[in-house]
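Shown next, in structure tokens, is the structure this report addresses.
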There are 2 protein chains.
Amino acid sequence: MKRIFVGLSLIAATCAFVQPAMAADDLLARAKESFKAIPTTVPEIADNKVTSDKVELGKMLFMDPRLSASHLISCNTCHNVGMGGDDNLETSIGHGWAKGPRNAPTAFNAVFNIAQFWDGRAADLKAQAKGPVQAGVEMNNKPERVVETLKSMPDYVAMFAKAFPNDKDPVSFDNMARAIEAFEATLITPNSKFDQFLMGDKSALNKVEAEGLDLFMEKGCVACHAGTNFGGEGYYPFGVVEKPGSEILPEGDKGRFAVTETADDSYVFRAAPLRNIELTAPYFHSGKVWDLKQAVSIMGTSQLGEKLSEKEVESITAFLRTLTGDQPKIEYPILPKSSATTPKPLEMK
Amino acid sequence: MKRIFVGLSLIAATCAFVQPAMAADDLLARAKESFKAIPTTVPEIADNKVTSDKVELGKMLFMDPRLSASHLISCNTCHNVGMGGDDNLETSIGHGWAKGPRNAPTAFNAVFNIAQFWDGRAADLKAQAKGPVQAGVEMNNKPERVVETLKSMPDYVAMFAKAFPNDKDPVSFDNMARAIEAFEATLITPNSKFDQFLMGDKSALNKVEAEGLDLFMEKGCVACHAGTNFGGEGYYPFGVVEKPGSEILPEGDKGRFAVTETADDSYVFRAAPLRNIELTAPYFHSGKVWDLKQAVSIMGTSQLGEKLSEKEVESITAFLRTLTGDQPKIEYPILPKSSATTPKPLEMK
């Protein structure tokens, strides 16, 4: 009997030693089925070759407040490259101090999303880039005025010609959008702790983070938040199981319904990409939730029909914090100087 | 007779050959009496040692919109490092889309000014930095709220401790201002064509530019616009000889009178520094003049009592364009992330 007990103890001790390594192997194998690491090189865009001339021009355009009617607001105002690629506001402030209807999504890793905006109404980043420039509550400009503005500056004219060498009329609203898309393709954040884990460094996640990853997959978060971007790949109703209150899911915003006009798409949104999520509070399309733990908890009840325990929420949140990658290094561009023919700012509300 | 003629011709030819060189020597000698080149190294600040830790912190603070009540407006909003250090607006747009009373001065080379603001009401850049953060029409914040915000972010706390190693309570409104001043001391623009000329490269100015410099000194512009910064060193009435119309010199803004309450200081302003002037339109404290030639012409009549000819205005303007130096190269800082205790933005007007 004693011998048996010692034998069992030995087996137990051996298992205790072996199991974590096996568990990590298993966790890694399962993670590899659902997720991809952010690449360390700039991804290709099917119909818009990313060249360094285009990226350099796109960076200028992204930072240039003269794309807005007021000359105050640039893409970077709401997609701040120093703040995780968004503005950390519930909803953005735009022309005339107007408040936008939805939380600004991050521009970082947006190139990996299936489509752009919370409702996916823009097929890609170049289609997206044209939206805020024209939206009355954002930059409030007109395409022809933007083109007139860009054509008034010889430095921009030269850069467009270089970036679009085969175009007869390179300074166009479309090419503005293409250049911005090319720049945004460089706004990727590789090398997160999770990506290190995914690429084989099993020590990259600590115990709690690994538990969080396990829960993220086991509980079903992964059903909507998978792929390279942990989301951004499909459309799902907010409140699959239980609709959150109207303070979080305002009744007036029916999401993708406005795009497809299909009843099934009421309160349907593109699943939020979760890369760098700890940098992009507040959360949800309404921007009403500032605490990541609260957001995880709400997702549990609304999407999974499960009240996650405090410990589970802690673990999942700890895991989500491992999705923060290297932030883009960007040298602030020296913008072309205005000329006598540059349209003047329209500051009025 | 023929010999004499040939002799005179020879002398004339010799003079024609020698004179420009002599004129350039003379021009350079006279310029050296009035002007100094922008240094290529960061200037010292008497009571605020410029350290790399302080500069790095100051750059973050300069770029951080969370210094404003709304979390939308940073120092860089109105002093854009990609646009000559200002916002290229008549007067700035601030909290709630309020319009400020005066044109935003450039932050570039501001360290060389005798005092800050158009009326010199701040003795130095650290005193200046505290103004816009609190002004209702600018960032609309309160010192205690700024400190609470900064203290809520561990990365800022660590950086303040590093930048101010001898302080018991390093995260303070004063130290915020000191760090911003240290960063702003790095915003200098050496190596302009004029500075190359001043340092002995007589070919750095072309004929028209050299004529412009000559006129700038001969006509008397140099009386107010001299030194390192071509201005920023003294206070003068706008309209020494002839007051411009109220569309350019609004009656309600009495300039330095508000600071000294001395009748003599009515409509007195700090002479505008002219470095990088081609990048900082529109001009004057009212920001009402967009064309540099028009600004030069107005200065002729209002300050010198002289109607400058079109050719003179052209030459002086060509010269002023040689004051554009190398723009600062700045890597966009990755800002500390907000925490649960970071005060939320106050977006309301």
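Below, chain A is the first sequence line, B the second, and so on; all start at residue 1.
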Pairing of A:Asp155 and A:Lys337 as salt bridge, 4.0 angstrom limit: no
Pair A:Arg275 + A:Asp195: basic N to acidic O under 4.0 Å: yes
Side-chain (A:Thr106) to main-chain (A:Gly84) donor-acceptor, under 3.5 angstrom: yes
Parallel, tilted or perpendicular, as decided by the 30° and 60° cut-offs, for the rings of A:Phe230 and A:Phe194: perpendicular
Heavy-atom distances under 4.5 Å only: say whether [X] touches chain B with side chain, backbone, both or neither.
{"X": "A:Asn76", "result": "side chain"}
{"X": "A:Pro336", "result": "neither"}
{"X": "A:Leu292", "result": "neither"}

Toward chain A, the part of B:Pro282 with a non-hydrogen atom under 4.5 Å: neither
Best-contacting candidate, A:Asp87, A:Asn88, A:Thr77, A:Asn80, against chain B by heavy atom pairs under 4.5 angstrom: A:Asn80
Report, one line per pair, each donor and acceptor closer than 3.5 Å where one atom sits in a side chain of residues 313-321 of chain A; sequence neighbours left out.
from     : atom 1 : to       : atom 2 : distance (Å)
A:Glu314 : OE2    : A:Lys293 : NZ     : 3.3
A:Ser315 : OG     : A:Lys311 : O      : 3.0
A:Thr317 : OG1    : A:Val313 : O      : 2.7

